Every structure is written in structure tokens, then in C-alpha cells.
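To start, the structure itself, in C-alpha cells.
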Protein chains: 2
Amino acid sequence: MTLSKTSARYGEQVPTPHYGQPRYRTIADELRQRIESGVIPPGALLPAESALTAEFRASRGTIRQAIALLRAAGVLVTDHGRGTYANPGSPVGDSASEVETRERHIAANAEIASLFAVEVGTVLIEHRSITRTNGAVSLVVVKYRLLQLQRDCLRVP
Amino acid sequence: MTLSKTSARYGEQVPTPHYGQPRYRTIADELRQRIESGVIPPGALLPAESALTAEFRASRGTIRQAIALLRAAGVLVTDHGRGTYANPGSPVGDSASEVETRERHIAANAEIASLFAVEVGTVLIEHRSITRTNGAVSLVVVKYRLLQLQRDCLRVP
DNA sequence: AGAAATTTGTCCGTATGTATC
DNA sequence: AGATACATACGGACAAATTTC
């Protein structure tokens with residue numbers, strides 16, 4: 001029911017709710033900014049997870065989720081008993097972009113239905129892809145395709 | 001070493017130790033095999049996380065780690081309140097297909113505006129792509145981009 | 001070389017929010 | 001509106017790799 005804006009700010013303890021951005025993404029953005037701004041130079045070790053836990057007042061799992069995000073983006077590298085450090089060999093370091101995708105079934109509206117030459121209300125697959133560059137949404141891609149089962153593509157073992 | 005009694009076999013449940021492969025990877029391999037072997041056909045929903053928890057006798061976090069692995073590999077797709085299913089796989093790309101594209105400027109509606117975090121009515125670039133396979137429309141892709149990128153690349157070293 | 005401390009890896013259980021059916 | 005299912009977050013425990021003493 002679309003609750004009005006709760007004036008909850010981060011930095012304090014949030015029980016569980018994720019307003020707007022989840023906590024781990026906020027932390028990831030903060031860490032990436034530190035790297036891009038030079039606070040954490042390339043190759044330098046980040047504070048230990050236990051330290052980040054204390055600083056961001058988040059659980060270790062949440063910190064690790066944030067780190068995993070940046071590791072997947074190639075921004076960070078982690079060695080087992082050693083630590084996590086800023087990847088010295090990141091191409092631009094700046095244009096790190098993450099893609100978030102999502103698929104769902106939808107009923108075709110008039111516009112889409114006419115494109116596919118099907119009846120309005122026909123179930124289609126909608127594939128959404130949101131690309132964030134430096135944390136900001138830079139590209140949105142929406143794909144539509146028919147729900148028909150594809151007998152043409154067979155998996156090879 | 002010299003501790004020859006590290007065996008906490010317990011029969012079925014492993015308390016914490018990870019022998020050889022971590023548990024979540026073993027589970028991921030098992031799930032992948034089910035998909036490739038056809039036990040879980042493309043597009044079919046996987047059992048819910050709660051069900052997998054019971055079947056593999058693992059915690060939900062571990063199940064989710066396994067699923068995340070396959071999702072990153074493009075094997076699985078997850079919808080929020082719906083479920084996780086085997087990725088139907090590659091789009092068409094089968095027989096002769098033609099692509100028709102068009103690009104134009106549009107004003108952001110409420111939905112798109114919120115995604116980009118801009119005001120409704122902001123001018124965006126819309127790129128449409130219609131793919132016809134054997135004459136019939138099989139795929140429609142709509143991309144949205146900001147008209148001006150904000151202070152991204154092009155940094156002086 | 002060995003032992004302890006540090007740090008990341010894995011796993012569990014629980015609670016609550018949010019989206020979908 | 002209720003049930004179901006995924007998402008986020010917390011806290012604790014132990015394992016494994018590395019560093020330090």
C-alpha cells in the first residue's frame with residue numbers, strides 16, 4: 001500500500017527493511033567511491049571485514065554481499081587468509097557497470113500486441129535489464145518475446 | 001596435524017566443515033545436472049528454496065548461494081515472488097531473421113522516469129529493435145538511454 | 001619450525017520485508 | 001486478503017589460509 005516516505009536515514013540501525021536501495025548496495029557504492037577517489041589506491045588492502053562491520057554497523061553477511069558485488073564487477077580481489085584489495089588492473093576503473101536483469105510474464109497491451117500480431121492480453125515474456133554505471137542507471141532495456149516453447153534449441157550435453 | 005580425530009561424521013549432517021567442495025557448489029552441480037539432463041526442462045520452475053532446503057538438508061542461505069552461482073552463469077533466472085526457473089536459453093537466432101531498428105527521442109513516462117531517477121517528461125533516447133524470424137515478429141527490444149551522460153569517462157590521468 | 005593471531009570461507013538458524021499468486 | 005516465495009539482514013559458530021611472532 002505505497003506507504004508515504006518514511007524519513008529513515010542510513011547510518012543508523014535499520015532493522016531489516018530495505019528502503020530504495022538495499023544496505024549492501026549502498027555499502028558497495030561507498031567502497032567503490034573510495035577506490036575511485038583514491039582513498040583506497042589500487043592494490044591496497046581494504047579494512048578487514050570485521051572492521052567494515054564495525055564501521056558500517058552492518059552484519060558480516062551484509063558486508064560480504066557488498067564485497068561480492070564489487071568482486072563480480074572486477075573492482076575488488078580477495079585472497080583467502082589475506083584480505084581484500086582494490087584490483088590494480090581495472091581497465092578504466094571508472095566505467096564499472098553492473099547489469100541487473102529480471103524476467104516476468106505479462107499480458108500484451110495494444111501496442112505490443114500489434115507488433116507481434118497477437119491478441120491483446122496474450123501472455124508474453126518481458127525481460128528487463130537495468131544497467132548501472134557508477135551507481136546511476138544509464139541504460140534500460142526491455143525485451144519482449146513470445147511465450148511459445150522453443151523446440152528449436154536443444155541443449156547439447 | 002597430529003589430530004587424527006577430526007572426524008565429526010555424524011552420519012548425515014555436516015556441522016560446518018567443508019570437505020573438498022563446499023556444500024553450495026555441490027548443490028549447484030546437482031541442480032545444473034538436473035537441468036541438462038532434462039529432469040528440469042527449460043522454463044520450468046525449480047522447487048522453492050524451502051523445498052530445496054528440506055531436500056538437501058541445507059540452510060536456506062546455502063541453497064541461495066548455489067542458486068546465485070547458477071544465476072550468475074545464466075543457467076537460472078529468478079523472479080521475486082514467483083520462483084526460480086531454468087533459463088529458456090538463447091533467443092531465436094535460428095533461421096533467417098531480419099532486424100529492423102529505429103531511434104528517436106521521447107519524453108519519459110512515470111515508470112521510466114523513476115528508473116532513471118529523473119523527472120517525468122525528461123527527454124530520453126528510445127531505441128527500438130524488431131526482429132522477424134521467418135516473417136513473424138519474434139523479438140522486440142526497447143532500449144532507453146539518457147540524452148546526456150553525466151560526467152562519466154574521459155578522465156584525465 | 002611452530003604456535004598464535006588475523007582474515008576470509010562456509011554454514012546454520014531466525015526474523016522480517018516485499019513481490020507475486 | 002491470505003498464502004506462498006524470494007530478498008535482506010542479523011548473529012553465531014567453526015574451517016581454512018595467511019601472516020606474525
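Worth knowing before you read on, the calculation uses all heavy atoms, side chains too, and leaves out hydrogens, waters and symmetry mates. Convention: sequence-line order gives letters A, B, ...; per-chain numbering from 1. Given the structure is predicted, the values throughout are model-derived calculations rather than measurements.
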What verdict does the side-chain contact (heavy atoms from CB on, under 4.5 Å) test give for B/Asp29 and B/Gln33, after you've listed the backbone C-alpha separation in whole Å, the side-chain angles of each residue and the deciding distance to 0.1 Å? CA-CA 6 Å; B/Asp29 287 343; B/Gln33 191 135 25; 6.0 Å; no

Measure [atom1]/[X] against [atom2]/[N] and give the value in whole Å, please.
X: A/Leu52; N: C/dG9; atom1: CG; atom2: P; result: 13 Å
X: B/Gln21; N: C/dC11; atom1: CD; atom2: P; result: 10 Å
X: A/Arg25; N: D/dA9; atom1: CZ; atom2: P; result: 10 Å
X: A/Ile27; N: D/dT8; atom1: CD1; atom2: C1'; result: 12 Å
X: B/Phe56; N: C/dC11; atom1: CZ; atom2: C1'; result: 16 Å
X: A/Arg128; N: C/dA19; atom1: CZ; atom2: C1'; result: 14 Å
X: B/Tyr24; N: C/dC11; atom1: OH; atom2: P; result: 7 Å

Could you name each residue pair satisfying salt bridge (Lys or Arg N to Asp or Glu O under 4.0 Å) that touches residues 38-52 of chain A, not counting sequence neighbours?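 Counting only pairs at least two positions apart or across chains, the salt bridge (Lys or Arg N to Asp or Glu O under 4.0 Å) contacts touching residues 38-52 of chain A are A/Glu49-A/Arg60, A/Glu49-A/Arg64.
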
Reported [atom1]-to-[atom2] distance for the pair [X] and [Y], which is rounded to 0.5 angstrom:
X: B/Gln65; Y: B/Ile27; atom1: CD; atom2: CD1; result: 9.5 Å
X: B/Thr84; Y: B/Ile67; atom1: OG1; atom2: CD1; result: 4.5 Å
X: A/Ser129; Y: A/Leu139; atom1: OG; atom2: CG; result: 6.5 Å

Sorted by chain and number, sequence neighbours left out, salt bridge (Lys or Arg N to Asp or Glu O under 4.0 Å) with A/Arg34 holds for A/Glu30, A/Glu55

Name every residue in residues 60-73 of chain B that has at least one heavy atom under 4.0 Å from any atom of DNA chain D, in order of residue number, or write none if there are no such residues.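 Going residue by residue through residues 60-73 of chain B, the ones with a heavy atom under 4.0 Å of DNA chain D turn out to be B/Arg60, B/Arg64.
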
Take B/Val123 and B/Ile106, measure what side-chain contact (heavy atoms from CB on, under 4.5 Å) needs, and give me the verdict at the end. CA-CA 6 Å; B/Val123 176; B/Ile106 59 140; over 6 Å; no

With the side chain of A/Thr78 defined as its heavy atoms from C-beta on, choose the nearest nucleotide among C/dT8, D/dA7, C/dT10. C/dT8

Common cluster, B/Leu115/A/Tyr144, ILVMFWY with side-chain heavy-atom separation under 4.5 Å: yes

May I ask you to test the B/Leu124-B/His105 pair for a side-chain heavy-atom distance under 4.5 Å? no

Does some side-chain heavy atom of B/Ile35 sit less than 4.5 Å from a side-chain heavy atom of B/Leu76?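 A side-chain contact exists here, since the closest heavy-atom pair is under 4.5 Å.
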
Measure all distances between protein nitrogen or oxygen atoms and nitrogen or oxygen atoms of nucleotides 18-21 of chain D, and list the pairs falling under 3.5 Å.
residue: D/dT19; atom: OP1; partner: A/Arg82; partner atom: NE; Å: 3.4

Do any of residues 42-50 of chain A sit with a heavy atom less than 4.0 Å from DNA chain C, and if so which?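 Residues of residues 42-50 of chain A that come under 4.0 Å of DNA chain C are, in numerical order, A/Ala48, A/Glu49.
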
With nearest nucleotide decided by heavy atoms, which residue, A/His105 or B/Ala58, maps closer to the 5′ end of DNA chain C?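 On the 5' side of the pair lies B/Ala58.
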
Scan residues 111-124 of chain A for pairs that pass side-chain hydrogen bond (donor to acceptor under 3.5 Å, both in side chains), counting only residues two or more places apart or in two chains.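 For residues 111-124 of chain A: A/Glu111-B/Arg128.
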
